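Take a look at the following structure, please.
What you are looking at is a predicted structure, and each value in this text was computed from that prediction instead of being measured.
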Amino acid sequence: MNSGRFRAAAAAIVVLSLTGMAACGKKVGGPPPGGFPAPQVTVATVAPRTVAVPYEFTGRIEGSREVEVRARVAGILLRRTYDEGRPVTKGQSLFQIDPANYRAELQAAEAALAQAKAAEGRSARDVSRLEPLLAAHATSKKDYDNAVSDLEEAKAGALSAQARVEQARLDLTYTRVEAPISGLSSRAEHSEGSLVGPSGDAGVLTHISQVRPIWVRFSNSDQGLLTLRKGIAAKTITSPGTDALEVELVLPDGSVHPERGKVNFSDSQIDSSTGSVGLRAEVANAAGTLIPGQFVRVRLLGIERPNAILVPQRAVQQGPQGKFVFVVGADNKAEARPVTVGDWQGQDWIVESGLAAGDRVIVDGVVKVQPGAPVVIVDPNAPPAGAPGTPGAPSTGGN
């Protein structure tokens, strides 16, 4: 009986020893509770840097000078002397209005001027004859004064006739309608044979837009302007000033125009109908590829955010309480960190609050991470486990 009890006690000791060894083995080198290995993750270490603040608006191209070419005299439009839609130069003839009536008016005015000058000459001679007679008391002072008055009236009549000649000559030149500026012409508003004149719609003959340089108009909302001013005041945003801001134009096909422009105007008032502030930029348009009326996207350059914290978009998670990221602590355990994000910067979020320089944010492998659980940080550029040439990879040689 005693020997049987001894054998039972010995067996119990062996079982307890084996159980203790197994437990110790799990504690030292085995997987964590649950039997799953720590997930492998890649991290990005937070390093504040200066980044451009993205400001993009819808803009419309317009000529730096846009002119209505109008008829300055009434008459029949004889012909158009330019190619519609083609560039024109200052002083180039665009239209010819029938000059016959104005040529006749000029001739009549010149004849009236000749008569006025003849009358002036006659009055001058009368005064010359009366002066010695007046000195010899051979004529009355009244007759002499009347002769002087007639001369003065004759001179005034001659000046008036001269003015009518100048007006008639000017009207005659206006029958040749010239381009007031160099630029890109538009279509002719009236065809040959139409009656045109200086007033109303009949006066507009065509339009010219100066396209070198060219302007682009855009606007910033009052809310956007307020946010920008607050950021500058808080020194979270830097700006070189309106006059030093550059713009980049994105064309309708998504390509970027090769020339950058400069902001040359910012309105001092907010448009009450749109709640926005108007801005304008000038672009050289050396190749003439930008056309008035074209819509583009305007990127405002030069506004920057110093000491910005950026994390890849895929690192930011959405939870019931808002956005958060997983941060790896000193003990290589994951910690959920709430963050406040701002705008996108390429493929990154700008983090307004929640992170600091040196934080290690989990970027890849987030799906398997649990708060407070350990993780294994791996090099994102390392080849995957089991790839040829890595430790533990299967041999590709012969037997």
Check whether any side-chain heavy atom of Q96 sits under 4.5 Å from a side-chain heavy atom of T175, and report yes or no.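 A side-chain contact exists here, since the closest heavy-atom pair is under 4.5 Å.
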Just to verify, what does R187 make a salt bridge (charged side-chain N to carboxylate O under 4.0 Å, His left out) with, not counting sequence neighbours? E189
Just by distance, do the side chain of R299 and the backbone of E246 share a donor-acceptor pair under 3.5 Å? no
Counting only N and O atoms by type, is there a donor-acceptor contact under 3.5 Å from the side chain of E84 to the main-chain atoms of A188?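 Present.
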Salt bridge R169-E110, side-chain N to carboxylate O under 4.0 Å: yes
Would you say the side-chain atoms of Q317 pair up with the backbone N or O of R314, donor to acceptor, closer than 3.5 Å?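 Pair found, side chain donor or acceptor close to backbone of R314.
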Quick one: which residue pairs count as a side-chain hydrogen bond (donor to acceptor under 3.5 Å, both in side chains) with a foot in residues 270-285, not counting sequence neighbours? W215-E282, N264-R280, D271-S273, T274-S276
If you define the side chain from C-beta out and look only at heavy atoms, does anything of L249 sit under 4.5 Å from V298? yes
Quick check: do F218 and V247 have side-chain heavy atoms less than 4.5 Å from each other? yes
Please examine the side chains of R72 and P198, heavy atoms only from C-beta on, and report whether any two atoms are closer than 4.5 Å. no
Looking at H190 and V204, would you say the former's side chain and the latter's main chain have a donor-acceptor pair under 3.5 Å? yes
Looking just at side-chain N and O atoms, do D171 and Q167 make a donor-acceptor pair shorter than 3.5 Å? yes
Side chains of T81 and S93: do they bring a donor and an acceptor to under 3.5 Å?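 A pair is found: one side chain offers a donor N or O, the other an acceptor, under 3.5 Å apart.
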Any carboxylate oxygen within less than 4.0 angstrom of a Lys/Arg side-chain nitrogen, looking at E120 and K117?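 The answer is no: the pair does not qualify as a salt bridge.
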Y82 meets the ring-ring contact (aromatic ring centres under 6.0 Å, His included) criterion, sequence neighbours left out, with F95
Within the structure provided, determine whether P99 and L172 are in side-chain contact (heavy-atom separation under 4.5 Å). yes
Answer yes when R129 and D126 have at least one side-chain N-carboxylate O distance shorter than 4.0 Å, and no when they do not. yes
Check: T50/R305 side-chain N/O donor and acceptor closer than 3.5 Å: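 Side chains of T50 and R305: no pair found under 3.5 Å.
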Tell me, do I291 and I61 make a side-chain contact under 4.5 Å, heavy atoms counted?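 I291 does not reach I61 side chain to side chain.
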Where the side chain of D98 meets the backbone of A100, is there a donor-acceptor pair that is under 3.5 Å apart?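 It does hold such a pair.
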Below 4.5 Å, heavy atoms only, C-beta onward: do Q321 and P338 meet side chain to side chain?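 In short, these two side chains do not touch, never coming nearer than 4.5 Å.
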Please confirm whether the backbone N or O of P213 pairs with a side-chain atom of S64, one donor and one acceptor, at under 3.5 Å?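 Such a contact is found between S64 side chain and P213 backbone.
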Rounded at 0.5 Å granularity, tell me how far CG in L251 sits from CZ in R297.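 Going from the CG atom of L251 to the CZ atom of R297 covers 12.5 Å.
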Flag side-chain contact, heavy atom, 4.5 Å: W349 against D343: no
